[in-house]
Amino acid sequence: MFIRSSAFAASVLIITTDIINYLKKNTLKPTINNDKINKRPQNIYKICKEDRLTHQIRVRFAPSPTGYLHIGGARTALFNYLFTRKKGGVFILRIEDTDRTRSTDEYIEAIIDGMKWLGLRWDEGPYRQTDRADVYNSYVQRMLEDGKAYYCYCSPDELEEKRKRAIANGKPPKYDGTCRRLKEPPAYIKPTVRFKMPATGETVVDDVVKGMVHFDNSTLDDFIILRSDGTPTYNFVVVADDIDMGITHIIRGDDHLNNTPKQIQIYEAFGKKPPIFAHLSMILGSDKSRLSKRHGATSVQAYRDMGYLPEALLNYLVRLGWSYGDQEVFSMDELIDKFSLESVGRASAVFNPEKLLWMNGEYIKSARAEDLIDKVLPFLVSGGVVSADYRQSVDSVWLSRAITTLQERSRTLVELARSLGYYIAGDVEIDEKACKKFINPATLDYLVAVRDGLSALEVFTASGVEALFMSLLEKFGVQLGKVAQPVRVALTGNTVSPGIFEVIELIGRDKCLSRIGRAIGIASLSAG
RNA sequence: GUCCCCAUCGUCUAGCUCGGCCUAGGACAUCGGCCUUUCACGUCGGUAACACGGGUUCGAAUCCCGUUGGGGACGCCA
C-alpha cells in the first residue's frame with residue numbers, strides 16, 4: 001500500500017528503488033488534474049505492446065447476464081466510461097455469458113437497455129462470449145500444446161469430497177493436482193482442462209486503487225479452464241478476451257481481486273504483459289453486507305420506473321467512492337474532466353437511497369421545464385392522468401409553466417406527475433382529512449365569494465386573481481390562509497400546492513369554477 | 001477454516017501520499033430559528049466522527065506494528 005498511485009507502479013517491478021523514489025517525487029505529485037499516465041516515461045509504459053492494437057486506451061465493461069443491470073454494475077460501467085472518455089480511449093461492452101444455464105437473452109436486453117438509459121455509450125460491442133467459441137478453443141489449444149495446461153479426469157463428486165476434506169483440515173480448498181501427474185487417461189470420461197499453476201513464488205497485483213497486493217502462488221490452484229462440455233470458464237475467458245481485444249485497463253469490482261493473480265498467471269503463460277488493474281470497492285446495503293434485493297430496489301430500471309433521472313443516478317453513484325473536494329453535483333462534462341482513478345477511494349460504501357432522492361430533486365429543480373415534458377409523460381400515462389396521445393394535443397407552453405411551478409417541490413418524476421394531475425385532470429379527488437378541515441360550513445362563504453369573483457374576473461391571470469383575493473380579505477377581515485386553504489383543497493384535492501394564485505391561473509377558469517362549485521356543494525351538504 | 005481487501009459524524013466523504021495549517025471541513029439525514037396562505041424550496045444555526053492498543057516523533061486522523069470489527073474470495077458461477 002505504500003505506493004497508492006500505482007497505475008504508474010504497474011510496470012515498475014523491474015526498475016530500481018531509486019528510480020521509483022525519483023519518480024514519486026517528481027512525476028507523482030498528485031495535483032488534481034494531473035494526468036499521470038500520459039506523463040509516464042514511454043520506456044516503462046508498455047502495455048500489450050505486441051498486440052494488434054496500438055497504445056490507445058481500451059477498457060471494457062463486462063457484465064454477466066444472470067440478472068438485470070444493478071446499481072453496482074452501473075457504477076462500474078460509469079467508472080469505466082468516465083475513464084475512457086477522459087483519456088480518449090475506447091469503451092467496449094462485452095457480455096460474459098459463458099454460464100449458459102443462468103444467462104438469458106432477456107437479461108442481455110435489460111443490461112443494454114439500462115446502459116442506454118443511463119447514457120453510457122459504448123464504442124464497440126456488445127460482444128457475446130457465446131459467439132466467440134473459436135477464439136477460446138484456439139487459446140486453450142495453445143495452452144495444451146505449450147504444456148501449460150492438462151486434462152483432468154476427476155469427477156465433480158470427487159472434487160467436492162477433496163474440497164470438504166481440505167477445509168476440514170484447515171487447508172485452502174485447492175485442487176490437489178492428481179491428474180497433473182497422470183500418465184494413462186482413464187477411458188470413458190470426458191475430461192476438463194486445468195491450468196498448470198506455478199507451485200512456488202508469488203504473484204503481485206499492482207492495483208491502481210488498492211496498491212500492491214501479494215499472493216503466494218502456493219495458495220493458487222490448478223483451476224479449470226475448459227469444462228467437460230467443452231466450454232471455457234470465466235477466469236480463462238476474461239483473459240483470452242482481454243488479450244484478444246487489446247484491453248489496456250481493467251476496472252471492475254473488488255470481488256474480482258482474488259481472481260486477479262490467477263488471471264495474471266494466464267497472461268504470463270501466453271507471454272503477455274497484464275493490463276493495468278483498478279479494483280473498485282463494493283457497494284453495501286444499510287446493514288453493510290453486499291447490496292442485494294433485500295435492501296430494496298437494486299436494478300437500474302427500478303430507479304427509472306420510480307421516476308429517477310439517469311444523470312442524477314449517475315451523479316449519486318460516482319460519489320460512492322470518488323470525490324472532488326466538497327463538490328456534490330457534477331455535470332457529465334465535469335465528471336469526464338475531473339475524474340481520475342487515482343482519486344477513487346478504497347473503502348466500500350453504503351448505498352443511501354435518501355441522498356439519491358435528494359440528488360434527483362436537485363436535477364429536477366435545475367432541469368429546463370420543456371425538457372421535463374417528455375420525461376414525465378410516461379408517468380402521466382401510467383398514472384392514468386392522460387392518455388397516450390396527450391402529447392399531440394397539449395399546449396407545451398402551458399405544460400411547461402405548470403411544470404415550472406412544481407419543480408422545486410418534486411423529487412422524482414412520479415411526484416411531479418402526481419402533482420401535475422391537478423392541473424391537467426378534469427376533476428380531482430379530494431383528500432378526506434383536508435376536506436373535513438377546509439370544506440365545511442365555516443368556509444362556505446369564502447368559497448362562494450371566490451367562485452363568484454373568479455367567474456366575474458376580467459383578466460384571468462395570477463395577478464388578477466391576487467387582486468381579487470386581496471379585496472375579499474378586506475371584505476371578510478381575515479388572513480389570506482383562511483380563504484386560500486379551502487380554495488386550494490377544492491382545486492387540488494390537498495393542502496399542499498404551489499402558490500394559490502398561480503395554481504388558479506394554470507388550472508383555468510372553467511375547471512376552477514366547476515371544482516369550487518363542487519366543493520360548495522359538499523360544504524353546504526355538511527351544513528344541512 | 002484459508003487467503004485478500006477495508007476502517008474519519010447514522011450515511012457519502014475532505015484531510016492521509018509530503019506529520020504541525022484539524023479545538024477535523026462539506027453533503028444527505030436529523031433537530032431548531034427565519035421566510036411563508038399550506039407544503040416544499042431557500043436561508044441561518046445545532047447535535048454528530050479520527051475503531052482500539054502499542055510504538056516512532058518535540059508533535060500523529062496522517063507513519064509503523066498489533067488487536068478488534070466489517071466486507072470479499074475460495075465452483076466444471078461470473
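Predicted model only: the values in this text are computed from it and were never measured. Residue numbers begin at 1 in each chain, while the letters A, B, ... track the order of the sequences. The basis for the numbers below is simple: all heavy atoms, side chains too, and nothing from hydrogens, waters or symmetry mates.
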Measure distances between side-chain N and O atoms of A/E328 and base N and O atoms of B/rG26, and say whether any donor-acceptor pair falls under 3.5 Å. yes

In the structure shown, which nucleotide is the Watson-Crick or G-U wobble counterpart of B/rG10, with both distances under 3.5 Å? B/rC28

Interatomic distance at P, B/rG19 relative to B/rG10, whole Å: 29 Å

Side-chain donor/acceptor of A/N259 to base of B/rA78, under 3.5 Å: yes

Closest-nucleotide mapping onto RNA chain B: is A/V350 or A/T98 further toward the 5' terminus? I mean the 5' end. A/V350

Mind checking whether A/F277 and A/Y267 have parallel, tilted or perpendicular rings, split at 30° and 60°? perpendicular

By the 4.0 Å heavy-atom rule, please label A/H256 as base, sugar-phosphate, or nothing. base

Could you tell me how far B/rC6 sits from B/rG46 if I compare only their C1' atoms? Round to whole Å. 32 Å

Provide the distance between the two C1' atoms, one in B/rG54 and one in B/rU13, to the nearest whole Å. 29 Å

Contact under 4.0 Å: A/S281 side-chain N or O vs B/rC6 OP1/OP2: no

Determine the interatomic distance between P on B/rU8 and the same-named atom on B/rA61; round to the nearest Å. 15 Å

Using the C1' atom as the point on both nucleotides, what is the distance between B/rG53 and B/rA7, in whole Å? 15 Å

Using atom P of each nucleotide, how far apart are B/rC64 and B/rC18 to the nearest Å? 10 Å

Evaluate the ring planes of A/F223 and A/F195, with Trp represented by its six-membered ring, and classify them as parallel (under 30°), tilted (30 to 60°) or perpendicular (over 60°). tilted

Measuring only the P atom in each nucleotide, how far is B/rA14 from B/rG25? A whole number of Å is fine. 15 Å

For A/Y316 and A/F351, I'd like to know if the aromatic rings sit close, meaning centre-to-centre distance below 6.0 Å. yes

Between B/rC34 and B/rC50, how far apart are the two C1' atoms, rounded to whole Å? 34 Å

Any Lys/Arg nitrogen of A/R163 or A/E160 sitting under 4.0 Å from an Asp/Glu carboxylate oxygen of the other? yes

Please pick, from B/rC76, B/rU38, B/rC39, the nucleotide with the shortest atom-to-atom distance to any side-chain atom of A/R409. B/rC39

Taking atom types as they are modelled, would you say the side chain of A/S228 forms a donor-acceptor pair with the base of B/rC76 within the 3.5 Å cutoff? yes

Measure from the side-chain heavy atoms of A/F215 and tell me the nearest of B/rG10, B/rG75, B/rC4. B/rC4

Using 30° and 60° as the class limits, which term best fits the ring planes of A/Y153 and A/Y151: parallel, tilted or perpendicular? tilted

